[in-house]
Amino acid sequence: MAGLFEERSALVTCVTPWGCWYQSLEEVFVEVNVPAGTRAREVECSMKSRHLSLAVAGKKVLEGKLFDSTIADEATWTLEDQKLIRIVLTKTKRDARNCWTSLLENEYVADLWIQDQMQKKLTLERFHKENPGFDFTGADISGNYSKGGPDFSSLER
């Protein structure tokens, strides 16, 4: 279900000098623009639970401690059309309260407006997941949605 929501809702990206990063409830996506014609053998990517490093043709692109923990065994990277590296990191905490405000600790921080838009998106994704019969892709949200919005789990169904 999250996949359908992701396909139909707009991405909220944080632009960086090397590309961008964005997130869903369950994953963090990193897109790195590389010189056209880059070969996979030129890419060195290390993905650990709390650390990410990427070098292309011997030049370090990014390296540091991730904002939060990920599941290292599920992390992947691909080289697309020899010009884009896509890294997918699976969050350890997969809920709307875990909205990353930066990719690395104190680096590639989303500005406050982008952080707000990311939190809105994660909250709507949470509502969509909890209410599969409703379509939240065009919805907007206001009020108290920080930290994933209100908790309705204690209400009777």
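All of these numbers come straight from a predicted model, not from anything done at the bench. Note: hydrogens, waters and symmetry copies are ignored here, and every other heavy atom, side chains too, is used.
- Between the CH2 atom in Trp21 and the CD1 atom in Ile114 there is a gap of 9.5 Å [rounded to 0.5 Å].
- Put simply, the side chain of Gln115 gets close to the backbone of Ala110: a donor and an acceptor are under 3.5 Å apart.
- Residues Leu52 and Glu63 have side chains not in contact (no heavy-atom distance under 4.5 Å, counting atoms from C-beta outward).
- In this structure, Ser49 OG and Ile71 CD1 are separated by 8.5 Å, a value rounded to the nearest 0.5 Å.
- Note that OG1 of Thr16 is 8.0 Å distant from CG of Leu62, once rounded to the nearest 0.5 Å.
- Smallest separation of non-hydrogen atoms from Lys48 and Thr70: O-OG1, 3.5 Å.
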Next item on the list: Show your working on side-chain contact (heavy atoms from CB on, under 4.5 Å) between Tyr108 and Ser102 and close with a plain yes or no.
Entry: CA-CA 5 Å; Tyr108 313 116; Ser102 65; 5.6 Å; no
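- Considering OG of Ser53 and NZ of Lys60, their distance stands at 8.5 Å, rounded to 0.5 Å.
- Contact annotation: the side chain of Lys65 approaches that of Arg50 to within less than 4.5 Å [non-hydrogen atoms, C-beta and beyond].
- Salt bridge absent: Glu125 and Lys129 never bring a charged side-chain N and a carboxylate O closer than 4.0 Å.
- Between the side chain of Asp116 and the backbone N or O of Leu112 there is no donor-acceptor pair closer than 3.5 Å.
- Under a 4.0 Å N-O distance rule, the pair Asp68/Lys93 qualifies as a salt bridge.
- For Ser69 against Thr92, the heavy-atom pair with the smallest separation is OG-OG1, 3.0 Å.
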Next item on the list: Take Arg86 and Trp77, measure what side-chain contact (heavy atoms from CB on, under 4.5 Å) needs, and give me the verdict at the end.
Entry: CA-CA 5 Å; Arg86 184 182 317 270; Trp77 70 267; over 6 Å; no
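- Under the 4.5 Å side-chain heavy-atom criterion for Ile, Leu, Val, Met, Phe, Trp and Tyr, Val43 and Val34 are members of the same hydrophobic cluster.
- Counting heavy atoms from C-beta outward, Thr90 and Glu27 have side chains that approach closer than 4.5 Å.
- A salt bridge links Asp95 with Arg97; the closest basic N to acidic carboxylate O contact falls under 4.0 Å.
- The two residues Leu122 and Asn98 make their nearest non-hydrogen contact at CD1-O, 4.1 Å.
- No donor-acceptor pair under 3.5 Å is formed between the side chain of Asp81 and the backbone N or O of Lys83.
- Classification of the Tyr22-Phe29 ring pair by plane angle, with boundaries at 30° and 60°, yields parallel.
- Of all heavy-atom pairs between Leu66 and His51, the closest is CD1-N, 3.8 Å.
- When each of Leu11, Thr101, Val12 is tested with Met118 by the rule side chain to side chain contact (heavy atoms under 4.5 Å, CB included), just one qualifies, namely Val12.
- Here Gln119 contributes atom CD and Arg126 contributes atom CZ; the two are 10.0 Å apart, rounded to the nearest 0.5 Å.
- Between Val30 and Trp18, the closest side-chain pair of non-hydrogen atoms falls below 4.5 Å.
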Note to self: Run the salt bridge (charged side-chain N to carboxylate O under 4.0 Å, His left out) test on Glu42 and Arg39 for me, step by step, so that the C-alpha distance in whole Å, both residues' side-chain angles and the decisive distance to 0.1 Å come before the verdict.
What the structure shows: CA-CA 5 Å; Glu42 297 175 287; Arg39 303 268 183 217; 5.9 Å; no
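- Considering only heavy atoms from C-beta on, Leu79 stays 4.5 Å or farther from Leu84 through its side chain.
- Side-chain contact between Leu54 and Glu44 is absent, with no heavy atoms from C-beta onward closer than 4.5 Å.
- To the nearest 0.5 Å, the span separating CG on Leu103 from CD on Gln23 amounts to 10.0 Å.
- Between Ser24 and Glu26, the side chains place no donor N or O within less than 3.5 Å of an acceptor N or O (distance only, hydrogens not considered).
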